[in-house]
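Below is one structure, written out as C-alpha cells; comments come after it.
Hydrogens, waters and symmetry mates play no part in the numbers below; they use all other heavy atoms, side chains included. Chain A is the first sequence line, chain B the second, and so forth, proteins listed ahead of strands; every chain is numbered from 1.
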2 protein chains.
Amino acid sequence: MKATPLTVASIVEAAADVADATGFDSVTLSAVARRLGVRSPSLYSHVKDRDALLEGVTVLALTELASRVSVAVAGRAERSALEALADAHRDYARESPGRWDALQRPVGEEAARSAGARDIVALTAAVLRGYPLPESEHVHAVRFIGSTINGYLRIERNGGFAHSRPSADVSWHRIIDALDAALRAWPAPPEGERP
Amino acid sequence: MKATPLTVASIVEAAADVADATGFDSVTLSAVARRLGVRSPSLYSHVKDRDALLEGVTVLALTELASRVSVAVAGRAERSALEALADAHRDYARESPGRWDALQRPVGEEAARSAGARDIVALTAAVLRGYPLPESEHVHAVRFIGSTINGYLRIERNGGFAHSRPSADVSWHRIIDALDAALRAWPAPPEGERP
DNA sequence: GGCAATGCCTAATGGTGTTAGGCATATGAT
DNA sequence: ATCATATGCCTAACACCATTAGGCATTGCC
C-alpha cells in the first residue's frame, strides 16, 4: 500500500536529501527510514549497510555533478570554459551541500568506476584543449585544477575564509584567474618525462 | 592513584592519538576514555562535549602543523620555500593522518582565533616574498596555495588518484611547479582593485 | 485454492553521547 | 586533630544508532 515501494534508488535519494537538509553526518539509517515512512531495518533488504548507502550517495552526487559540468562547459573554451567548470562545482556545492560532502570521502570501488567520476575527469581534461599543454601533462593539470577547486570550496564551506577579509567571493575570481595563468604558463616537464 | 590526573591537554592528546591510530571518525569519548584507563563520563569534567574535544584536536593539529611549516620554510625563498611548505603539509598529513583530518572540519571560534591558524597563514604569506605579487594580492595567493595543497592532499588521501596513472607522487611535484609558475605569472588585478 | 516468495515488520543486542547523582580522597579552617 | 568542603572519578540511567534474527501479510504463480 506504499505510494512508492522501496528501491535502492529511492533510498539513496532520500539519504541525499537528508544530507542536504541536515548535514552529511546526520545521514543515519533511522533518519532515512523516517523520511521514507518506514522502519530502519527494512532498508537492509535493499542496502548492505550504512557505508554502502553513503557510497550510493557519492555515486549519485558524481552523476549529478558530471551532468552540470557537462552543460556548463559545452560550447566554451579556455578561460570561459575553466570558469564555467569551476562555477558548476561551486554552484553544486552550494545548492546541494550534503551531496557535495559525499564527494569528500574515501572512494570505494563503485565510486571509482562510476561513469560520473570518469566524466568529470574527461570534462576537466577537455577544458585543457584550449591551452598549450602537451598531452602528457594533461593528467597533472587535471589533478591540479581538481585539487584547487575542491580545496577552495572545502575551505570556504568550513568557514576558513569567514574570519578574514576580503570575502571569499572576491578570491574565487582571482583564483580562477590564477588557474588560467598557471595553465598558460605551464612549466616544461622535466627531462625524463618529455615525450 | 592515577599515574597522571586527567587534564584537558592529556585528553585532547589521547583523542589525537586515537584519531591517528584508528581514524578520525572513531574518535569517540568511549575510545578516548578507554585509552586513558578511565570511564567516559569522567571526561565531562574537563571537556564540554564531543564537539569541543574534536575542536581541541583541531587546535592541536594547527599548532603542530604551524611548527613544522615554520621549520621547513626557514631560510628558504621562492620555489624552494614553496616546496618546503607543501612538503611540510604532506609529511604531516602522512605521519598524522588523524590529526590532519581534524583540520578538515568546520572551524569553530577557538580554532579560528588560534595562534597555529594565524601562523600558518602568515608563513604562507611569507613564502610570497620571493614572488612579484603586489601586497594587495597576497590574500588571494595565500588562499590559492592553501586550497591547492589542501585539495590535493585530501584527494590523494581519499584514494582519488589511486585508480589512475601515473602515481600521485609524480603529480605532486608537477603541481608544485605549477603553483610556482602561477605565482610568477600572477595575473594583474582587475581595475577596481588595483592599488 | 494452495504455495512460495517478496517486503516490510517487531524484538533484541551492543555500542554511543550525555546527564544526574554518589563516594572517596585531598585540602583547608578551626 | 577534627571537621567541612571541594575535587575527581565513579555507577546508573536514558535516548539514539547500526545491525541481526525471525515473524507476518500480501502478492503472483500454478
Check: Phosphate oxygens OP1/OP2 of dA18(D): is one of them under 4.0 Å from a side-chain N or O of T28(A)?
Finding: yes

Rounded to whole Å, CD1 of I11(B) lies from C1' of dG8(D) at a distance of 11 Å

Q. Just to confirm, is there a sub-4.0 Å distance from OP1 or OP2 of dA18(D) to any side-chain nitrogen or oxygen of S30(A)?
A. yes

Closest of dT19(D), dC9(D), dC9(C) to the L6(B) side chain is dC9(D)

R174(A) charged N/C atom sitting above F144(B) aromatic ring, 6.0 Å / 45°
no

Sorted by number, residues from residues 41-55 of chain B placing a heavy atom under 4.0 Å from DNA chain C are P41(B), Y44(B), D49(B), R50(B)

Next on the checklist: Distance alone, cut at 3.5 Å: any donor-acceptor contact between the side chains of T148(B) and S147(A)?
Outcome noted: no

Here's one to test your reading of the geometry: is the NZ or CZ of R143(A) within 45 degrees of the ring axis of F161(B) and under 6.0 Å from its centre? yes

- Is the shortest side-chain N/O distance from R34(B) to OP1 or OP2 of dT16(C) below 4.0 Å? yes

With sequence neighbours left out, the residues meeting side chain to side chain contact (heavy atoms under 4.5 Å, CB included) with D101(B) are F24(B), R154(B), R157(B)

(request) Before giving the answer on salt bridge (Lys or Arg N to Asp or Glu O under 4.0 Å), spell out for R90(A) and E156(A) the whole-Å C-alpha distance, their side-chain angles and the decisive distance to 0.1 Å. (result) CA-CA 10 Å; R90(A) 197 177 194 218; E156(A) 180 184 21; 2.6 Å; yes

Rounded to whole Å, CG of L36(B) lies from P of dC9(D) at a distance of 10 Å

Just by distance, with hydrogens left out, do Y131(B) and D180(B) show a side-chain donor and acceptor under 3.5 Å apart? yes

Rounded to whole Å, CZ of R39(B) lies from P of dC23(C) at a distance of 17 Å

